Every structure is written in C-alpha cells, then in structure tokens.
2 protein chains.
Amino acid sequence: MSKVKLDEIDHQILDMLIDNTRTPFTDIAKKLLISAGTVHVRVKKMEESGIIKGSSLTLDYVKLGYSFIAYVGIFLEKTHQTKFVLERLSQIPYVTVAHITTGKFNIFCKIRAKDTTHAKNIIFKIDDIDGISRTETMISLEESINDKKRLMHTIFNEL
Amino acid sequence: MSKVKLDEIDHQILDMLIDNTRTPFTDIAKKLLISAGTVHVRVKKMEESGIIKGSSLTLDYVKLGYSFIAYVGIFLEKTHQTKFVLERLSQIPYVTVAHITTGKFNIFCKIRAKDTTHAKNIIFKIDDIDGISRTETMISLEESINDKKRLMHTIFNEL
DNA sequence: GGTGAAACTTCTAATAA
DNA sequence: TTATTAGAAGTTTCACC
C-alpha cells in the first residue's frame, strides 16, 4: 500500500503509455534513448509492484446508448449499515463509483444509465436497499471535464 | 454523436480489450474463431467511428502519493458564468471530473490531491474563481466501488 | 463483409556486460 | 541495472473468396 519509488525514466514511460497503452516499447525506447528491453523490464516491474493496475479502453458511452449520468447522495439510517449497503450497490452494474464520505451524505455514488426511465429504475432500486433512509439525486446536464491524463502528466513532471 | 451499430463480434472484441488493452489480436481471433486480420479491421473501424476513444493505464494513485479524493459542489452567483468557471476549473489539473448539474449544485467536481493540506489549497483556489458564491466539500473516506468494466460487460451482454 | 499467408514490426527472455 | 541479440509472437496488408 505504501509509496513506490519511480525514477524519471519510469515517469516518462508511464507518461507515454497513459495516452496510448499500445505505444510500441521500441518507440518509447527510441524517445528515451534506452533499449526496448529496458522498457519491457521496467513496465513489468511496475506491474508487479502494483503501480500499474491494468489497462482499459476509453469508450464513447453516448455512442453505446448510455448518455445519462447522475450522482446520488445516500443518507443511511445507521452508519454501521455502510458495508451492507455498499455490497448491495456493487451488485448494480450501473453504479460505477461509490465513496464513503464525510459531509452531507454517508455514501455518494455515480450512476450511468441509458435514459431517464432507465435511471429512474436504478434510483428506485437504490432507494429500496435496506438501511437507506433517503437519497438525493444530481443529474448531470453535461460532463464538462473528464481528464485523468492531465493529472497524470502533472504528477510525472513534478520530480 | 449518434449511436453506432455493433454486432456480437464487436461486443466480444471490446469485452476482451476492456480488461486488457494489450490482449493480442491473435488471442481474440482464436477465441472468437475468426482471423486476426478481421479483429484488426474491426478494431480500426471502431476507432475511426469514435466508439473507441483511446486507451489508458489504470494506475494506483495511492502508490503515486495521491490518496486524497473529494467531491466539491459549486454554487454560482449566476448560471451564465458556468462556461467561464468550467474553463478555470479545467486549468487545475487536480480537478479530474466536472459536471454541470441540476439539483443542489450548479457544478459538481471531483478532485484528487496528495493530502489534506494539498486539498485545502486546491479548494481555496476553486473558491477564488470569480462567479462562485459558495462551495460544499464532501471528503471521500474510502473509494469503495470504482468499476466501469462491470458496466461494460453488462452492456456487451445485453444483445 | 471475411480469409490466409507474406512481410514487417514488436516482444521477450537469455546472455553478457 | 542495463544492453544486445535472436527466435517467437503479433500486426498489418493484400490478393482472393
């Protein structure tokens, strides 16, 4: 769980792979003036140490028919029900993110749905979970920023 | 921007690549009993049509020293300031997501920070943006669910 | 649309430095 | 740790279904 030491080379490798996981190691090697074998070894190490947890495609959800996003704040009857409620939430695939939070809500989650009708069904399903006293929904009218890469590039240039 | 038609083969290709973007096309071909060339052509088409927007690594933020997550609800003085405020937010790399929302807040964003001190600085910077009257912060104590892949697998099995 | 094979590129592991 | 190298593996194109 602790922090892992990465040097400048590692950062630059990640910086290139962040934008395109299929960037050939030979290209990375050329740019960083090291051998492809070294890139390979370093990537493998970062995978083993858990820094690199995996890779994923960025898909266009709208084109897949899922254009609805909402955030749902959850109020629990008792906080000791948190674990149970989270387990139930994780059984709903349309709940893509959930956090235990301080502040207004006890749990805070994000849902992706096809449309308002679909979203309504999902929210009703959430409302039905035992231990939840009330929910508050914020509907996204527009996802204006969604950019983890910007943060990553910032982190990798912090050295 | 409209929906794109994908057949069962496309879905299965995406379903495999979602979990590992470096899954060899030869492996996918073997599993789906088609040729590697076909996989290649189909992936290329999905890239061209915009269904596949890109690929990215999933990194362990905690190991990178960024263990703090908070959601910040923003109240604007006037809604016509939305665009300006979003532009300012997008200049802060620690703001990784922002939505225009209905409900309690006008804008809703997510921040990633190193620690509470760092987060405080970011939130102060947000508070300072012209047009923002007030913000409300929810600190994540634990990110319990973060799983787009589950949704994707559900979508790809809907046919 | 798809295939299969050829040509080309990349990966990977072993060896050596 | 890193570089080199060579064989294995993967990608990509294209003539032909």
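Fair warning: this is a prediction, and the values are worked out from it, not measured in the lab. Letters go in sequence order (proteins before strands), and every chain restarts at 1. Note: hydrogens, waters and symmetry copies are ignored here, and every other heavy atom, side chains too, is used.
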Give every donor-acceptor pair under 3.5 Å between a side-chain atom in residues 42-54 of chain B and any protein atom, sequence neighbours left out.
| residue | atom | partner | partner atom | Å |
| --- | --- | --- | --- | --- |
| B:Arg42 | NH1 | B:Asp7 | OD1 | 2.9 |
| B:Arg42 | NH1 | B:Asp7 | OD2 | 3.2 |
| B:Arg42 | NH1 | B:Asp10 | OD1 | 2.8 |
| B:Arg42 | NH1 | B:Asp10 | OD2 | 3.3 |
| B:Arg42 | NH2 | B:Asp7 | OD2 | 3.0 |
| B:Ser49 | OG | B:Lys45 | O | 3.4 |
| B:Ser49 | OG | B:Met46 | O | 3.3 |

Leading and trailing nucleotides of DNA chain C with any atom under 4.0 Å from heavy atoms of chain B
C:dG1 to C:dC11

If the condition is side-chain contact (heavy atoms from CB on, under 4.5 Å), which residues does A:Leu141 pass it with, not counting sequence neighbours?
B:Ile100, B:Thr102

Hydrophobic clusters join Ile, Leu, Val, Met, Phe, Trp and Tyr when side-chain heavy atoms are under 4.5 Å apart, directly or via other members; which others share one with B:Val41?
none

Do any pairs count as a salt bridge (charged side-chain N to carboxylate O under 4.0 Å, His left out) and have a residue in residues 29-38 of chain B, sequence neighbours left out, and if so which ones?
none

Residues pairing under side chain to side chain donor-acceptor pair (under 3.5 Å) where one sits in residues 105-114 of chain B, two or more places apart or in two chains, turn out to be none

Taken in chain and number order and not counting sequence neighbours, the residues that satisfy side-chain contact (heavy atoms from CB on, under 4.5 Å) with B:Ser35 are B:Thr38

Shortest non-hydrogen contact from A:Phe108 to A:Gly73?
CD1-CA, 3.9 Å

Quiz: residues 122-139 of chain A side-chain donor-acceptor pairs under 3.5 angstrom, not counting sequence neighbours:
| residue | atom | partner | partner atom | Å |
| --- | --- | --- | --- | --- |
| A:Asp127 | OD1 | A:Thr135 | OG1 | 2.7 |
| A:Ser133 | OG | A:Phe75 | O | 3.2 |

Return each pair, listed once, that meets salt bridge (charged side-chain N to carboxylate O under 4.0 Å, His left out) where at least one residue sits in residues 12-27 of chain A; pairs must be two or more places apart or across chains.
none

Five-pair end axes of the helix from C:dG1-D:dC17 to C:dA17-D:dT1, angle between them (10°):
20°

Within the structure, does a side-chain N or O atom of A:Arg22 lie under 4.0 Å from either OP1 or OP2 of D:dG10?
no

All N/O donor-acceptor pairs, side-chain side in residues 88-99 of chain A, below 3.5 Å, sequence neighbours left out:
| residue | atom | partner | partner atom | Å |
| --- | --- | --- | --- | --- |
| A:Ser90 | OG | A:Glu87 | O | 2.8 |
| A:His99 | ND1 | B:Ser140 | OG | 2.7 |
| A:His99 | NE2 | B:Tyr71 | OH | 3.1 |

Contacts to DNA chain D from residues 24-41 of chain A, heavy-atom cutoff under 4.0 Å, which residues?
A:Ile34, A:Ser35, A:Thr38

